Amino acid sequence: MVNSSVDTQQHILLMARNCFFQHGYKASNMSMISQYAGFSRATIHKYFKNKDHVFRSVCRQFQLQSNDACAALLEQISQPCWLRIGLALEVWLKPTFEEVSDQIILRDLKFHAQIVAEDIFNEAHEDLHQLIKALIDQGINQKHITLSNLNMDSSMLSHLIVAGMDGLRSHLECQDVQKGVHHLLTIFKQATAVD
């Protein structure tokens, strides 16, 4: 039983996510979300202004979960830098709409995510860039890696890693992306090795 305002909002988001994932963004509406959640439309509107607000909140929740999953990597300083970067990329490579198997609904969700929640995904990219930069800086400070052979700073290397991941994700089949990212990181690991 939902027993607090926070629980109610989380329940609505979970049920809205199910609605979006089953029907797509375009076909979903506040009445459907209300039915999925088991609350009146008035209750849904108490927490969310409109369908865009609900969808943005679903996308934001996914991004926050990814951030939380990666936050611990900064504390694991005994682990090698490139291992932690690889683990961070694994988290971020998980598709936002992973459970959606219907390709038409998946395309609909991706298309509308670019319109309705573009800023959320841009923030996520920036968060990932900052995390990788921090992991690289830790590796440099611990003298586990060096950037002297690359003639660039940690920010530039971080941008290259994120851009490489994005490129692989957009050009390879889903089942090959993880392997491609592993190869990309192997190249950077070798290029930053301390002699």
Side-chain angles (χ1 to χ4, degrees), residues 2 7-39 41 43-45 47-71 73 85-132 158-185:
V2 177
D7 290 343
T8 300
Q9 186 173 13
Q10 288 306 312
H11 177 77
I12 292 168
L13 281 177
L14 179 62
M15 294 300 107
R17 182 178 181 273
N18 291 344
C19 181
F20 287 128
F21 282 23
Q22 288 182 13
H23 302 283
Y25 173 87
K26 191 172 182 179
S28 297
N29 58 46
M30 293 298 274
S31 293
M32 290 172 72
I33 292 168
S34 170
Q35 289 173 354
Y36 269 74
F39 291 110
R41 281 188 62 177
T43 300
I44 304 297
H45 281 288
Y47 296 95
F48 302 100
K49 185 168 62 172
N50 54 34
K51 178 173 80 168
D52 284 359
H53 186 199
V54 178
F55 188 66
R56 286 176 56 79
S57 296
V58 168
C59 293
R60 167 106 37 224
Q61 189 173 50
F62 178 83
Q63 300 306 333
L64 292 173
Q65 289 168 348
S66 296
N67 279 349
D68 289 346
C70 288
L73 294 172
I85 290 172
L87 292 172
L89 293 180
E90 277 183 31
V91 170
W92 285 98
L93 282 171
K94 181 180 176 190
T96 306
F97 309 115
E98 180 179 43
E99 297 97 51
V100 178
S101 57
D102 183 299
Q103 292 303 305
I104 293 171
I105 290 174
L106 183 59
R107 282 193 296 276
D108 172 69
L109 291 171
K110 286 181 175 181
F111 174 77
H112 286 94
Q114 291 175 345
I115 295 169
V116 176
E118 180 182 23
D119 60 316
I120 293 170
F121 289 96
N122 288 341
E123 284 176 30
H125 261 83
E126 183 57 27
D127 290 345
L128 178 59
H129 160 66
Q130 292 301 326
L131 172 70
I132 292 174
S158 174
H159 278 298
L160 286 174
I161 292 168
V162 174
M165 179 194 73
D166 286 341
L168 291 169
R169 188 170 26 196
S170 65
H171 289 89
L172 293 179
E173 296 296 324
C174 289
Q175 67 272 11
D176 297 327
V177 173
Q178 196 74 34
K179 186 192 283 188
V181 169
H182 172 74
H183 292 314
L184 177 71
L185 292 183

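The structure presented is a predicted model; accordingly, all values stated were derived computationally and were not measured. Reckoned from all heavy atoms, side chains included, excluding hydrogens, waters and symmetry mates. All residue numbers refer to positions in the sequence shown, counting from 1.
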S.K.: Should the heavy atoms of other residues, nucleotides or ligands under 6.0 Å from CD of E173 be counted, would the total exceed 12?
M.R.: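 No, because the 6.0 Å sphere around CD of E173 holds 12 heavy atoms or fewer from other groups.
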
S.K.: How many angstroms lie between CG in D119 and CZ in F121, if you round to the nearest 0.5 Å?
M.R.: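 Between D119 CG and F121 CZ, I get 9.5 Å after rounding to 0.5 Å.
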
S.K.: How about CD on E126, more than 12 heavy atoms from neighbouring residues, nucleotides or ligands closer than 6.0 Å, or not?
M.R.: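 Yes, because the 6.0 Å sphere around CD of E126 holds more than 12 heavy atoms from other groups.
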
S.K.: Taking CD1 in I104 as the centre, count heavy atoms belonging to other residues, nucleotides or ligands within less than 6.0 Å. Is the count above 12?
M.R.: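 No, because the 6.0 Å sphere around CD1 of I104 holds 12 heavy atoms or fewer from other groups.
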
S.K.: Measure the spacing between CG of D127 and CG of N122 and express it to the nearest 0.5 Å.
M.R.: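 Atom-to-atom, D127:CG and N122:CG are 11.0 Å apart.
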
S.K.: How long is the gap from CG on L160 to NE2 on H129, to the nearest 0.5 Å?
M.R.: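 Answer rounded to 0.5 Å: 10.5 Å.
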
S.K.: Indicate yes or no: does K179 engage D176 in a salt bridge with an N to O separation below 4.0 Å.
M.R.: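 So K179 does not pair with D176 through a salt bridge.
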
S.K.: So which atom in L131 and which in C70 form the shortest heavy-atom distance, rounded to 0.1 Å?
M.R.: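 Where L131 meets C70 most closely, the heavy atoms are CD2-CB, 3.4 Å.
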
S.K.: Could you tell me the separation between the CD1 atom of I161 and the CG atom of L185, rounded to the nearest 0.5 Å?
M.R.: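 So the CD1 of I161 and the CG of L185 are separated by 6.0 Å.
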
S.K.: Which heavy atom of Q63 sits nearest a heavy atom of A124, and at what distance?
M.R.: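 Minimum heavy-atom contact is OE1-CB, 3.1 Å.
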
S.K.: Mind listing the closest non-hydrogen atom pair of R56 and I120 along with its distance?
M.R.: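 Nearest pair, atom of R56 first, then I120: O-CD1, 3.4 Å.
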
S.K.: Would the distance check show the side chain of H23 and the main-chain N or O of C19 forming a donor-acceptor pair, the cut-off being under 3.5 Å?
M.R.: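 Not a single qualifying donor-acceptor pair exists.
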
S.K.: So how far is it from I105 CD1 to K110 NZ, rounded to the nearest 0.5 Å?
M.R.: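 I105 atom CD1 to K110 atom NZ measures 13.5 Å (nearest 0.5 Å).
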
S.K.: Establish, from distance only, whether the side-chain atoms of D108 and H112 form a donor-acceptor pair under 3.5 Å.
M.R.: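 The answer is yes; a qualifying pair exists.
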
S.K.: For the OG atom of S57 and the NZ atom of K49, what is their distance to the nearest 0.5 Å?
M.R.: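 Between S57 OG and K49 NZ, I get 11.0 Å after rounding to 0.5 Å.
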
S.K.: Should we count NE2 of H45 as having more than 12 external heavy atoms under 6.0 Å?
M.R.: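 Yes, because the 6.0 Å sphere around NE2 of H45 holds more than 12 heavy atoms from other groups.
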
